[in-house]
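See structure below.
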Amino acid sequence: MALKGFERRLERMVEGTFARLFRSGIRPVELGRRLVREMDDNRSVDVRGRTLVPNHFTIELSELDHEQFAEVADSLQRELAEAAREHARGEGYVFMGPVSVHLEVADAQHAGSFQIVGRMREGRGGLGAGALVLPTGERLQLGEQVVTVGRKPESTLQLGDPNVSRNHAEIRPHGNGWVLVDLGSTNGSRINGTRVSSQELREGDEIAFGNTVLHFEAS
């Protein structure tokens, strides 16, 4: 199950910050379980036969519980968003836009209780939720703007790899997704090991610029 990775990462966090902070009756993994259930319960099928699920989540907490989460809120929100992405990939779900998770105070919530409200929000320009996963594990969210790749300092994605050209490639919006276009680079651009001049990106594609390898996530 997608939540297993989320639970393992939380276990490591619990050894540090969480262990000191959590006197609340709410455990982080409870939030993850409820979030993926929100996705399952609110899925719908679009005209293209895709199963759409919420991608914008608001977690309503009491003021006390919100304070207890404050020190680790950013990390927790990132982990919950990743749990949503993993669950979507495992179930074949599609997001209408980037995944976001927000912890908020709600007067109606008592200490130890919470509610998750999931909504479908389209990405800007009608685009989906694509992202490039960098070698560091960081994500570069894709949107309406062309992403330039190369060694030039002004590149959107500047790579220090000497096998990457100064103006190596671009990732351009295309329909509801993105296409990689090589700009005549010396060593070429490869998708899943095959050199390409132009190709639409698909979920899980491995992209190589020189010796630098990235991955494309459609969710």
Side-chain angles (χ1 to χ4, degrees), residues 2 5 39 45-56 77-101 120-219:
M39 294 167 65
V45 179
D46 70 1
V47 295
R48 297 166 59 188
R50 303 179 304 172
T51 303
L52 301 177
V53 292
N55 59 296
H56 179 84
Q77 288 169 166
R78 284 195 300 271
E79 290 292 351
L80 287 167
E82 180 59 27
R85 295 187 191 98
E86 290 179 5
H87 187 62
R89 287 194 290 271
E91 298 297 324
Y93 295 158
V94 175
F95 297 119
M96 294 180 67
V99 179
S100 60
V101 179
M120 295 184 191
R121 287 197 177 177
E122 196 173 59
R124 294 183 60 187
L127 295 171
L132 295 178
V133 182
L134 309 184
T136 60
E138 295 177 275
R139 278 184 177 77
L140 174 61
Q141 198 72 48
L142 300 176
E144 295 179 280
Q145 302 302 315
V146 172
V147 172
T148 57
V149 182
R151 287 189 291 107
K152 289 174 61 175
E154 55 267 38
S155 299
T156 311
L157 179 57
Q158 184 188 11
L159 301 176
D161 185 342
N163 292 297
V164 170
S165 298
R166 284 177 57 78
N167 294 298
H168 196 102
E170 291 182 346
I171 296 175
R172 304 171 182 170
H174 177 73
N176 292 323
W178 293 267
V179 61
L180 183 152
V181 178
D182 186 83
L183 300 178
S185 63
T186 302
N187 294 306
S189 302
R190 301 185 304 281
I191 295 180
N192 302 323
T194 301
R195 187 162 177 164
V196 299
S197 57
S198 177
Q199 184 168 311
E200 188 173 352
L201 295 174
R202 305 288 185 185
E203 169 64 40
D205 277 347
E206 180 184 272
I207 305 168
F209 302 117
N211 294 323
T212 304
V213 177
L214 302 83
H215 291 85
F216 172 72
E217 290 186 345
S219 63

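- Enclosure of atom CZ in Arg89 by more than 12 non-hydrogen atoms of other residues, nucleotides or ligands within 6.0 angstrom is indicated.
- For the pair Asn55/Ser100, no side-chain contact is recorded, criterion being any heavy-atom separation below 4.5 Å from C-beta on.
- At least one side-chain heavy atom of Arg50 sits less than 4.5 Å from a side-chain heavy atom of Leu52.
- In this structure, the side chains of Arg139 and Arg78 stay at 4.5 Å or more apart for every pair of heavy atoms.
- One distance of note links CG of Leu201 with CD of Glu217; it measures 12.5 Å at 0.5 Å rounding.
- In this structure, NE2 in His168 is found 7.0 Å from CG in Asn187, a value given to the nearest 0.5 Å.
- Remark: the backbone N or O of Ala131 is not paired with any side-chain donor or acceptor of Trp178 at under 3.5 angstrom.
- By the 4.5 Å heavy-atom criterion applied to side chains, Val196 and Arg190 are not counted as neighbours.
- Between atom CZ of residue Phe216 and atom CD of residue Glu200 there is a gap of 8.5 Å, rounded to the nearest 0.5 Å.
- Contacts of Asp182 classified as side chain to side chain donor-acceptor pair (under 3.5 Å), with partners at least two apart in sequence or in another chain: Ser185, Ser189.
- Proximity of Ile171 to Thr156: side-chain heavy atoms (C-beta onward) are nowhere separated by under 4.5 Å.
- With hydrogens and angles disregarded, no donor-acceptor distance shorter than 3.5 Å links the side chain of Thr186 to the backbone of Ser165.
- In this structure, Asp161 contributes its side chain and Thr212 its backbone to a donor-acceptor pair below 3.5 Å.
- Nearest heavy atoms, Arg172 versus Leu183: NH2-CD2, 4.1 Å.
- From Leu132, atom CG reaches atom CG of Leu142 across 4.5 Å, with rounding to the nearest 0.5 Å.
- Rounding to the nearest 0.5 angstrom, the gap separating the CD atom in Glu203 from the NE2 atom in His215 is 10.5 Å.
- Taking Arg195 as the reference, nothing meets the side chain to side chain donor-acceptor pair (under 3.5 Å) condition, with sequence neighbours excluded.
- For the residue pair Ala81 and Val101, the shortest heavy atom distance occurs at N-CG2, 3.8 Å.
- Atom NE2 of residue His56 and atom CE of residue Met96 lie 13.5 Å apart, to the nearest 0.5 angstrom.
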